[in-house]
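What follows is a single structure, written as structure tokens, with notes after it.
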Amino acid sequence: MFVALRDLRFARGRFALISSVIVLITILVGFLSGLAGGLAWQNVSGILALPFDKMVLAASDNGAATDFSSSSITQKQADTWAEAEGVTSATPVGITTSRAESESGEAAITIVGYGASPNQELSPEATVADIPRSIVLSTGAADALDAQIGDTVTIAGFKLLVSAVGDDWWYSHTPVAYTSLADWQDIAATQREGTIFATGVAVTGSPQWDQVASNTHTTAKGQLASLTAIPAFASEVGSLGMMIAMLFSISALVIGAFFTVWTIQRSGDIAILKALGAATRTLMKDALGQAGVVLATGVAVGVAAVIGVGAIVPAALPFLVSPLTTALPAALLVILGLAGAAVGVRSVTSVNPLSALGGAR
Amino acid sequence: MIEFSDVTLTYPDGSNRVTAVNQVSLTAVAGTVTCITGPSGSGKSSLLALGATLIQPDSGRILINGTDAGGLSTKDASALRREQVGIVFQQANLLPSLTALEQLTVMNELGTQGARARRPAAGRRATEILATVGLADQAHKRPHQLSGGQRQRINIARALMNRPSILLVDEPTSSLDQERGSQIIDIVLDLTASEGTSTLLVTHDTSHFARMERVVEMMDGRLVDTHARAARSAKSDET
């Protein structure tokens, strides 16, 4: 790094320029990641709050997985899963979106009916109380309805007592409220024809997943895979993810192009150093170290800007600042940038030291 | 000591090969300057490049302090140059981002390991040798802030930084006026004596021959004449 650090100081204008590009790309990636994270959170946090190893949904006629909006599980299917060898728990889950009204407001919320037992724990903060016709509101639902514990919320003509206000749970961009499966079935029955038991089954344990799924004409998906059964999540994250991937590619190409030109420009210096006895390994380490410093600096400034903006962004904007949306993209930018730089500086190995003899500089 | 024994080097030229160095045998001993002269294209710089292990001969043997430099890998040749061979380039070839002092201390950083531990000693050596070439007060200046003569002095100081036993000097006065050129030759002669290097000096400038221990002339890749100083002195006495 002896020459690399001095080059950085000496050619500070050029390195400031490429660092600025890296900062801007990092900010763009950070904003998109934060937005993707925020949108994802508003899609899936209500599902991730449920404890399960795999979510069982009904299979379509051709055996493919259905999504949460079209899946319908019968009691027989749920019972078969509950009785399957290796299953620790199999809790039916109902999901439906409905309008809710309180004394001071109304809003669309997603009602999640969870569990045969109304005492089933949802999170450390909230439980579905064993009071008939009760409901646990997420903070978003409580805000939208301007409701508090002890208030009454009306959904599809049923009056439900607010027994707790829990965490910031969302499903498909609507705030979530949890109730017992029985209450959910009553609400769902007003929206669909016929008897409906549940949307899916939250299963824990280690059964023969494929075998039981096949026997019950259902599908079982792990936590992350089950999220793709939320249509809005799959489409939003897919398109934003593609943009982020494009930015990663652009970043690697820009860094690679810069260091290719930079290495060509300093090939005379490299020839001199080689003629003086520099090991090729030392020169490669020097060049990559230089790229690493430029990348780390640019990415660090970019991430700091994203975190700063994340701290002041209005709460209504779905923007998530977490290691997943800052540290992970930052690490990927550095790794891909270094890969691009490695391609750029590989010509160090082919510089002929003989060109330093008799060369006019 | 560096010893060329029957060394031949050819270059490809289209479908033919050009002989740049033709069966040259030459030995440079410690503490002396061997001056190599000859017209352009006579093979002087090629001989220097062979001595610097930058190219391999087609045939013959080059011994550097007993090591056969002809069969070395690129890695080993680099290590040999780093540790035993100092090169003074025709142009100063200084790195623009480094100060005068750093042009010297960079020589400590070229290997693959141990640079950090050697830094204090390298700093002392760089300061000492910079003073020897009369540039102690220019230590923190960059190349663009120095004159051509000063840059060439740093070029020489850099070559001697790692205490090489072989010093290869390629036309160091070609871009300098007579007075500065003469000062540079003085420095090469003085440092050869004080550092005990086996020095090969390539130059066109005949005005410096009188001060050389030995002058050899090349023509079309061959050594055609070798003069000892005593012989030349005798010759000049006769005239």
Side-chain angles (χ1 to χ4, degrees), chain A residues 1-19 259 261-291 293-294 345-361, chain B residues 40 44-46 48-55 74-99 102-113 115-116 119 122 142-144 151 155 158-159 161-162 164 168 170-171 174-175 202:
Chain A
M1 292 288 285
F2 186 87
V3 177
L5 293 176
R6 284 154 184 84
D7 276 349
L8 285 174
R9 195 176 54 197
F10 184 70
R12 59 177 76 89
R14 267 176 284 190
F15 284 107
L17 202 64
I18 187 66
S19 298
F259 279 100
V261 174
W262 175 244
T263 306
I264 290 168
Q265 281 185 344
R266 61 188 290 266
S267 58
D269 291 356
I270 293 164
I272 292 164
L273 289 167
K274 279 190 167 184
L276 293 172
T280 301
R281 193 172 133 210
T282 303
L283 293 172
M284 284 297 287
K285 271 170 65 181
D286 205 56
L288 282 176
Q290 191 176 58
V293 169
V294 171
V345 303
R346 76 191 187 288
S347 58
V348 164
T349 59
S350 60
V351 171
N352 187 352
L354 193 57
S355 61
L357 270 187
R361 287 170 54 76
Chain B
S40 292
K44 307 184 299 293
S45 291
S46 295
L48 221 56
L50 284 164
T53 69
L54 295 173
I55 36 176
T74 305
K75 185 181 166 190
D76 290 340
S78 294
L80 185 75
R81 276 200 300 280
R82 197 162 61 236
E83 291 158 11
Q84 298 191 44
V85 181
I87 302 175
V88 178
F89 300 102
Q90 185 176 350
Q91 303 296 323
N93 280 359
L94 303 181
L95 304 182
S97 63
L98 307 187
T99 64
E102 289 166 347
Q103 304 285 349
L104 273 56
T105 53
V106 73
M107 295 298 293
N108 175 55
E109 310 287 334
L110 303 181
T112 51
Q113 54 195 357
R116 190 184 296 272
R119 270 178 200 158
R142 290 211 169 82
H144 69 275
R151 287 199 289 268
N155 187 13
R158 177 177 61 188
M161 176 66 192
N162 285 351
L168 305 174
D170 187 15
E171 305 207 35
S174 63
S175 58
V202 168

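Every chain is numbered from 1, with letters handed out A, B, ... down the list of sequences.
Of all the heavy atoms in B/L95 and B/Q103, the pair that sits closest is O-NE2, 2.7 Å. Between A/T282 and B/L110 the shortest heavy-atom distance is OG1-O, 3.3 Å.
With B/R82 contributing its side chain and A/A278 its backbone, the two residues share no donor-acceptor pair below 3.5 Å. Under the 3.5 Å distance criterion, the side-chain polar atoms of B/N93 are matched with a main-chain donor or acceptor of A/A356. The closest donor-acceptor contact from the side chain of A/K274 to the backbone of A/L354 lies at 3.5 Å or more, if one exists at all.
Of the atoms belonging to B/T99, not a single heavy atom falls under 4.5 Å from chain A. Contacts of B/A52 with chain A are absent, with no heavy-atom separation under 4.5 Å from either backbone or side chain. Looking at A/R281, only its side chain comes within 4.5 Å of chain B, counting heavy atoms on both sides. Only the side chain of A/R9 comes within less than 4.5 Å of a heavy atom in chain B; its backbone stays farther off. Neither the backbone nor the side chain of B/E83 comes within contact range of chain A, judged by heavy atoms closer than 4.5 Å. Heavy atoms closer than 4.5 Å to chain A are found nowhere in B/M161, neither backbone nor side chain.
Salt-bridge formation is not detected for the pair B/R142/B/E102: no Lys NZ or Arg NE/NH1/NH2 atom is positioned less than 4.0 Å from an Asp or Glu carboxylate oxygen.
When each of B/L54, B/N108, B/N162 is checked for heavy-atom pairs under 4.5 Å with chain A, B/L54 comes out on top.
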